[in-house]
J.: 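Before anything else, here's the structure in question.
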Protein chains: 2
Amino acid sequence: MTYCLGIITKYGLIMAADSRTNAGVDYISTYQKLFNLSLPGERVILICTSGNLSVTQGMLLMVQKDLRVPEDSNIHTLPTFYDIARYLGGKIRQIQEQDRSYLKQDGIECKCTVLLGGQIKGQPPELYMIYSQGNCIHASPQTPFMQIGETKYGKPILDRILSFDTPLDIAAKSALLSIDSTMKSNISVGPPIHLVMYEKDSFKIEYELKLDARSPYLLKIRRQWENSLKEAFDRVPDLEWNQTNQKIEIENFPDP
Amino acid sequence: MTYCLGIITKYGLIMAADSRTNAGVDYISTYQKLFNLSLPGERVILICTSGNLSVTQGMLLMVQKDLRVPEDSNIHTLPTFYDIARYLGGKIRQIQEQDRSYLKQDGIECKCTVLLGGQIKGQPPELYMIYSQGNCIHASPQTPFMQIGETKYGKPILDRILSFDTPLDIAAKSALLSIDSTMKSNISVGPPIHLVMYEKDSFKIEYELKLDARSPYLLKIRRQWENSLKEAFDRVPDLEWNQTNQKIEIENFPDP
């Protein structure tokens, strides 16, 4: 499994990913899932991948290959983020067409989902999700984050903290805690955690973190969050079983 | 969708459920999912249901019907909770056998999952999960809670708060916040919330709550939890992008 997320606010972007890959529970390994394919000073391009690793690696290799052919359309020359998203979707479709029938014979899925975030000079920052079928959607001020992989455990904290007006450092902290919560509840999501913060209009990646399981910083943040959560929990008033007028009998099931 | 959970600690049991049912997103209604089928003074039997409503209602009607035939094996006469769990599993199988081929014709699932909690006089409290296939597992001190339906959003808080030694009122509060978190992230889980707290060896249900969406008590708890969570979040130190030695370059993808 995987957990990646992208956050877009009016101040820029956060992209984050775990690094655990598994083929069954008995083959667990570590792969990078967050990639920086920027052209510094001109365009920032960050990609997070989830799903079938052979498909997403194949897509990234084809992207790299096209970058070496200057006259070709590639992620450094395509005019908009929508074009780049469609281009990545096209690569996914190509690999899947090559492999689908062979994988299907053994009941293996060739699905994947990709997040694409960044900014092209003269345009605003953008965040896209590219589906396994090659189509795509973009994030909006109303929905300022996108998640792929094991998305549910880490969503409540994002729902409570994030808006399009959230400062970038707050968004980055929520991303880290969202991934940490997911790691706690699902062992198929695991460290190291990659995190990138991109400041709008800077056209370079200045803020990056890679935190492994023994990182003192990750351990500190986690301990602090656990303690604070427990304190928050303690401050919620106890259930008022007797004082409340809400107490009603739960009916027995009606007689048949 | 549905979210129900059962918690067992050394002090007793908590059973809780939402009440939203949907057939697609355009047909949403409210059904009770937590049922009290106790024989006061002798045995406490609480059942939560998720999945295909026609299957779970059918199961409960058959259970009620058997209770009206005194010489028959029924949930008030079966000797152990394991027997009751297997009995419920058998009812599920019966209904599914009647309906499966007809539902399958139209691509409709006849799956369901059931939680069974309570206590028989002379035995300890027990908590079982009965799978759609009719088999079952029971909770243990190492895994003191069981969830059915939309389980993921509400699991992180349980992972952090619950153990077999947790006092019942704390367990009840964690159950309520777990359901509330789930309702916030998934609209297919909704009020009213039913909550029952059973004190070990009391053999009667003394503590019940039914909280609808406008319940002042639920609104108060929710507001307090949101505020406390935000304060907890604020207390977590900001990311140390520069001070940390963990900062490393995220490699570009290797050249093909």
J.: Using side-chain heavy atoms (C-beta onward) and a distance below 4.5 Å, is Asp169(A) in contact with Leu239(B)?
T.: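 With C-beta onward as the side chain, the pair stays apart.
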J.: Side chains of Lys173(B) and Pro237(A): does their closest heavy-atom pair fall under 4.5 Å?
T.: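 Not in contact.
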J.: Contact part of Leu176(B) toward chain A, heavy-atom cut-off under 4.5 Å: side chain, backbone, both or neither?
T.: side chain
J.: Identify the two heavy atoms, one from Ser185(A) and one from Lys155(B), that lie closest to each other, and give their separation to 0.1 Å.
T.: O-NZ, 3.4 Å
J.: Tell me, side chain or backbone of Leu158(A) under 4.5 Å from chain B's heavy atoms, or both, or neither?
T.: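 Neither part.
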J.: List the atom of Gln224(A), the atom of Val236(B), and the distance in Å for their closest heavy-atom pair.
T.: CG-CA, 3.7 Å
J.: Determine the option with the most heavy-atom pairs under 4.5 angstrom with chain A, choosing from Lys220(B), Arg160(B), Met197(B).
T.: Arg160(B)
J.: For Ile161(A), is there any backbone N or O sitting under 3.5 Å from a side-chain donor or acceptor partner on Lys230(B)?
T.: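 A pair under 3.5 Å: no.
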J.: For Lys152(B) and Tyr153(A), work out which heavy atoms get closest and say how close.
T.: O-CD2, 3.0 Å
J.: Please classify the contact between Thr182(A) and chain B as side chain, backbone, both or neither, with a heavy-atom cut-off of under 4.5 Å.
T.: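 Nothing of Thr182(A), per the 4.5 Å heavy-atom cut-off to chain B.
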J.: Got a donor-acceptor contact below 3.5 angstrom from the Lys184(A) side chain to the Asp159(B) backbone?
T.: no
J.: Is any side-chain heavy atom of Ile157(A) closer than 4.5 Å to a side-chain heavy atom of Phe233(B)?
T.: yes
J.: Checking heavy atoms, do the side chain of Met62(A), its backbone, both or neither come under 4.5 Å from chain B?
T.: neither
J.: Closer than 3.5 angstrom, by distance alone: can the side chain of Tyr217(A) be matched with the main-chain N or O of Glu240(B) as a donor-acceptor pair?
T.: yes
J.: How many angstroms lie between atom CD of Glu231(A) and atom OG of Ser228(B), to the nearest 0.5 angstrom?
T.: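 Glu231(A) atom CD to Ser228(B) atom OG measures 10.0 Å (nearest 0.5 Å).
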